[in-house]
Amino acid sequence: MIIECSVEKNAQNKQLNVMVEDSFPLAAYYNDMEHFAARQIPWHFHDEMEMIYVKDGELDAYAGQTCIHLCPGDGLFINGGVLHQVIQTSKDTCIAFSFVISKNLFGAEGSVYDKRYITPLITNHNLPYMVLGKETASCIESAYMACHEESFGYEIIAREQLMKVCLTILKEANISTLSYSKSRYPEDERIKQMMNYLKTHYDEPITLQDLAHHVNISEREVQRCFKRNIKETPMQILMKYRLMKACELLGTTTFNVTDIAAQCGFMDASYFAKIFKRMFHMTALAYRKMMQGKEPM
């Protein structure tokens, strides 16, 4: 099953549409970047590991403070719990396939696969991400196509291909020069708490003072924390989330635009219309028509 990604999240800023089930513990996503505000998948995190393959176009993926430029055929592993975002850099189309994968795909909890390989990998804060070689990245594409076609045995094929990727990551992890500073980890958690607050209260007026009180720091430190870690202001993050929620409602409901604006925290429908058109280069109604008439590859 392929999911056209809209990256809905819960109060912990974790993706809600990560449809990882015990029976088939992975979710495959088709990401058409033109469907996102400013052609960006905004900052988020989830406990599961993620693997990305760029089919068309170019994009910048951010894992924490590190930017990784990806071109067609490139692949990227993002470890569980790592804050990340994706931004289209090519002028035209940009399509990426991605998997969000429960560790149970590789073996039951407590098994040798879990204890010796997977749990040490996803709990390793020194490995937030890994850029994958072309051959390894092609396994992600093969797994995606298997899920898309859903021919007999596609679950086995997808698991086999993703296990190949995981094995490569495990082999290279010991010699990787990538690092994730443990000294910054508490600040990462603070960022997550503040983003949690933004996502919980996105439909309400939010001030810097609200965020500061939530994590018991000064308003100035709130600004510094966001600038140091994700190079965006809290209000920029809030705006992207509100627009993302609006996109979800436009594509999945029949609510009118004024009601959607109000539900997403925009008190002025005219302002919402202006911002939406600036970000998507189309009206909200045109976006609704596009989304309701388009099927993922």
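Quick caveat, the model's predicted, so the values are computed rather than measured.
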- Item | Partner set under ring pair (Phe, Tyr, Trp, His ring centres under 6.0 Å) for Y53, not counting sequence neighbours | none

- Note on the structure: From the list T66, V82, I169, side-chain contact (heavy atoms from CB on, under 4.5 Å) with Y129 holds only for T66

- Message: Are M145 and I157 linked, directly or through intermediate hydrophobic residues, by side-chain heavy-atom contacts shorter than 4.5 Å (ILVMFWY only)?
- Response: no

- Query: Less than 4.5 Å apart, any side-chain heavy atom of M130 and any of F77?
  - Reply: yes

- Is the shortest heavy-atom distance from the side chain of I95 to the side chain of N31 under 4.5 Å? no

- Query: At what distance, to the nearest 0.5 angstrom, does CD1 of I52 lie from OH of Y29?
  - Reply: 12.0 Å

- Message: Testing the 3.5 Å rule here: is there a donor-acceptor pair between the side chains of E34 and H281?
- Response: no

- Message: Quick check: do Q161 and V165 have side-chain heavy atoms less than 4.5 Å from each other?
- Response: no

- Task: On the 0 to 90° scale, with breaks at 30° and 60°, tag the H201-Y197 ring pair as parallel, tilted or perpendicular.
- Result: tilted

- Query: What's the spacing between L250 CG and M290 CE if we round to 0.5 Å?
  - Reply: 10.0 Å

- Query: What are the two closest heavy atoms between Y113 and F106, and how far apart are they?
  - Reply: CB-O, 3.4 Å

- Item | Spacing of SG belonging to C139 relative to NZ belonging to K164, to within rounding of 0.5 Å | 5.5 Å

- Task: Evaluate side chain to side chain contact (heavy atoms under 4.5 Å, CB included) for L211 paired with Q193, printing each intermediate quantity in order.
- Result: CA-CA 9 Å; L211 285 176; Q193 289 178 37; over 6 Å; no

- Query: Taking C-beta and beyond as the side chain, do I87 and R39 meet within less than 4.5 Å on heavy atoms?
  - Reply: no

- Check whether the ring centres of Y287 and F280 lie less than 6.0 Å apart, and answer yes or no. yes

- Message: Between F276 and F272, does the ring pair (Phe, Tyr, Trp, His ring centres under 6.0 Å) criterion hold? Intermediate values first, please.
- Response: CA-CA 6 Å; F276 193 96; F272 166 73; 5.7 Å; yes

- With no hydrogens and no angle check, is any side-chain donor or acceptor of N124 less than 3.5 Å from a backbone partner on L121? no

- Message: Measuring only between side-chain heavy atoms, which start at C-beta, is M49 closer than 4.5 Å to I78?
- Response: no

- Going by heavy atoms in the side chains, are P128 and N79 under 4.5 Å from each other? no

- Task: Determine the minimum heavy-atom distance between P205 and D210, stating which atoms define it.
- Result: O-OD2, 4.0 Å

- Give a yes or no on whether the backbone of S90 and the side-chain of Q88 come within a donor-acceptor separation of less than 3.5 Å. yes

- Message: Given 3.5 Å as the limit, does a donor-acceptor pair link the side chain of R190 with the main chain of V215, or not?
- Response: no

- Is a side-chain N or O of T168 found less than 3.5 angstrom from the main chain of T136, in a donor-acceptor match? no

- Taking all atoms of both residues into account, what is the closest heavy-atom pair of A158 and C147, and its distance? CB-SG, 3.9 Å

- Item | Shortest non-hydrogen contact from M195 toward L83 | SD-CD2, 3.9 Å

- Item | Separation of M279 CE from Q40 CD (nearest 0.5 Å) | 7.5 Å

- Message: Between T233 and L238, does the side chain to side chain contact (heavy atoms under 4.5 Å, CB included) criterion hold? Intermediate values first, please.
- Response: CA-CA 9 Å; T233 69; L238 178 60; over 6 Å; no

- Indicate the atoms forming the closest heavy-atom contact of P72 with G57, along with that distance. CD-O, 3.1 Å

- Query: Per the side-chain contact (heavy atoms from CB on, under 4.5 Å) rule, which among M194, E232, E221, K231 passes with F226?
  - Reply: M194

- Query: Closest heavy-atom contact between L70 and G75?
  - Reply: CD2-O, 4.2 Å

- Task: Report yes or no: does D60 contribute a side-chain atom to a donor-acceptor pair with the main-chain N or O of C67 at less than 3.5 Å?
- Result: no

- Item | Whether Y144 and H148 hold their rings parallel, tilted or perpendicular, with breakpoints at 30° and 60° | parallel

- Message: Measuring only between side-chain heavy atoms, which start at C-beta, is E50 closer than 4.5 Å to F99?
- Response: no

- Query: Is the side chain of S102 donor-acceptor paired with the backbone N or O of L105 at a distance under 3.5 Å, no angle test?
  - Reply: no

- Message: So, using ring pair (Phe, Tyr, Trp, His ring centres under 6.0 Å) as the criterion, who are the partners of H69 when residues are at least two apart?
- Response: none

- For I101 and M51, what are the C-alpha separation, side-chain angles and deciding distance, and is it a side chain to side chain contact (heavy atoms under 4.5 Å, CB included)? CA-CA 8 Å; I101 308 163; M51 297 179 187; 3.8 Å; yes

- Query: Under 3.5 Å, is there a donor-acceptor pair linking the side chains of D114 and T119?
  - Reply: yes

- Query: Linking I/L/V/M/F/W/Y whenever any side-chain heavy atoms sit under 4.5 Å apart, do L127 and L167 land together?
  - Reply: no

- Do any N or O atoms from the side chain of R288 and from the backbone of T253 form a donor-acceptor pair under 3.5 angstrom? yes

- Message: Please check: side-chain N/O of D32 versus main-chain N/O of H35, any donor-acceptor pairing under 3.5 Å?
- Response: no

- Message: Taking the cut-offs as 6.0 angstrom to the six-membered ring centre and 45 degrees off its axis, would you call K55 and F97 a cation-pi pair?
- Response: no

- Between M244 and F36, is any pair of side-chain heavy atoms under 4.5 Å apart? no

- Message: Distance check, rounded to the nearest 0.5 Å: K103 atom NZ versus C166 atom SG?
- Response: 12.5 Å

- Task: Spell out, yes or no, whether V222 and M235 are grouped together once hydrophobic residues are joined by side-chain heavy atoms under 4.5 Å, including indirect joins.
- Result: yes

- Message: Can you confirm whether more than 12 heavy atoms, excluding those of K91, are under 6.0 Å from its NZ atom?
- Response: no

- Output, in order, the C-alpha distance, side-chain angles, deciding distance and verdict of side chain to side chain contact (heavy atoms under 4.5 Å, CB included) for K192 and F45. CA-CA 9 Å; K192 290 176 181 178; F45 74 98; 3.9 Å; yes

- Query: Are the side chain of D259 and the backbone of F255 linked by a donor-acceptor contact shorter than 3.5 Å?
  - Reply: no

- Task: Nearest 0.5 Å please: distance from the CD1 atom of I118 over to the CG atom of L170.
- Result: 5.5 Å

